[in-house]
Amino acid sequence: MIDTHCHVYEEEMDNYKEIIEECNKKDISIIDNAIDINTSKEIIELSKKYNNVYAAIGLNYDQIDTFNKDDLKKLEELIKNNDIVAIGEIGLDYYWTKDNKDKQIEYFKAQLELSKKYDLPVIVHARESIQDVYDIIKESGVSKGSMHCYTGSLEMAKEFIKLGFKIGIDGPITYKNNKKGIEIIKNIDLKDILIETDSPYLSPEPNRGKQNSPLNLEYIARKISEIKEISYEEVVNITTNNAKELYKI
Ligand SMILES: [Zn+2]
């Protein structure tokens, strides 16, 4: 199994080494997602050290106020000189603040350009910003990546799939009354779905409220198998292949 989006590194969790090693024993690979230059460097080192860790590096919305153009140059150098599988996590978040919207858009667009230049997929965050995210990706011409922890409508999910994107499904699908999530899973093809935990956040049931880790990925796959009325093995096989194809691993 491949956890296609998580934050398993020192800055986010003290026990990241144990978790990576435990995942290795259970044949779980992880695509570790950075949020700034420091975490990008840290993840690159982890991906060199552990054969089940793959690096997605990028500049994320939540540190946006601290970034300057130099960070984009540093990011490009890291992309050029290292073995990474995606640019992420990037995107727009208008839930926390819209005050820096222009700067968020500027850095999102710049990283979409890097995705094209280096032929790498993107891992995209959107919160209360889905229409802008869609319009900007469409205009950029980027045609591969994932909409991570997708919370938009079914119609919009279909539009992202038309652009070539996959839909990332996380722990909240296991929460009671997630009608929107269930509707989306029922109505899109398994080949368009990726499974992810967004660890250390958003633990699925039955571990809701505790620290999340990629070891919880199976609860998400099990829930999808229930909703789609297919076997757990089929969900694991197909979503793993989706991730391998998209991230070339
Ligand atoms: Zn994330």
Side-chain angles (χ1 to χ4, degrees), residues 1-16 19-20 23 28-44 46-47 53-67 71 75 78 84-97 104 107-108 111-112 115 120-130 133 137 145-152 157 160 165-175 181 193-204 207-217 219-220 239 243 246-247:
M1 264 194 293
I2 302 174
D3 185 345
T4 57
H5 182 99
C6 57
H7 304 273
V8 181
Y9 40 81
E10 195 171 9
E11 198 169 301
E12 294 282 1
M13 44 172 89
D14 296 336
N15 54 345
Y16 69 101
I19 287 174
I20 291 170
C23 286
I28 298 171
S29 294
I30 68 176
I31 297 180
D32 223 347
N33 280 237
I35 54 170
D36 58 13
I37 294 298
N38 279 342
T39 51
S40 292
K41 286 181 184 164
E42 190 185 343
I43 288 171
I44 287 167
L46 290 175
S47 72
V53 175
Y54 297 91
I57 67 171
L59 307 174
N60 196 18
Y61 64 91
D62 57 353
Q63 309 291 322
I64 198 87
D65 292 327
T66 68
F67 296 149
D71 289 301
L75 180 68
L78 290 173
I84 67 162
V85 300
I87 298 179
E89 144 174 27
I90 62 174
L92 305 176
D93 192 307
Y94 300 162
Y95 173 80
W96 293 107
T97 178
Q104 289 195 43
Y107 280 71
F108 184 40
Q111 293 179 92
L112 288 169
S115 147
L120 285 163
V122 286
I123 298 175
V124 179
H125 169 102
R127 194 168 181 194
E128 297 190 2
S129 58
I130 197 107
V133 165
I137 291 174
S146 94
M147 289 306 299
H148 117 77
C149 197
Y150 184 76
T151 54
F160 278 109
F165 276 63
K166 306 275 180 215
I167 303 299
I169 303 295
D170 302 59
I173 195 62
T174 66
Y175 302 167
I193 293 176
L194 294 174
I195 52 175
E196 52 175 63
T197 63
D198 206 13
S199 302
Y201 313 105
L202 298 174
S203 277
N207 294 324
R208 194 171 178 183
K210 298 180 192 158
Q211 182 198 51
N212 199 5
S213 92
L215 298 164
N216 286 326
L217 196 59
Y219 299 112
I220 296 157
T239 57
L246 177 60
Y247 299 114

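Order of appearance sets the numbers: ligands from 1, and atoms from 1 within every ligand. Just so you know, residue 1 is the first one in the sequence shown, and it goes up from there.
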>> Checking one value in my table: which N/O/S atom of Asp198 lies closest to the Zn ion (ligand 1)?
In response: OD1
> Taking just the N, O or S atoms of His7, which one is nearest to the Zn ion (ligand 1)?
Replying inline: NE2
>> The test is side-chain hydrogen bond (donor to acceptor under 3.5 Å, both in side chains); show your working for His125 and Asp93 and say whether it passes.
In response: CA-CA 7 Å; His125 169 102; Asp93 192 307; 2.7 Å; yes
>> Determine whether Thr197 and Asp3 satisfy the following criterion, side-chain hydrogen bond (donor to acceptor under 3.5 Å, both in side chains), listing intermediate values before the conclusion.
In response: CA-CA 6 Å; Thr197 63; Asp3 185 345; 2.5 Å; yes
>> Let me check your reading of the structure: within less than 2.8 Å of the Zn ion (ligand 1), is there an N/O/S atom from Cys6?
In response: no
>> Tell me which N, O or S atom from Glu89 is the closest to the Zn ion (ligand 1).
In response: OE1
> If we only count heavy atoms from C-beta on, is the Tyr54 to Tyr247 side-chain gap below 4.5 Å?
Replying inline: no
> Are any non-hydrogen side-chain atoms of Asp32 and Ser47 less than 4.5 angstrom apart?
Replying inline: no
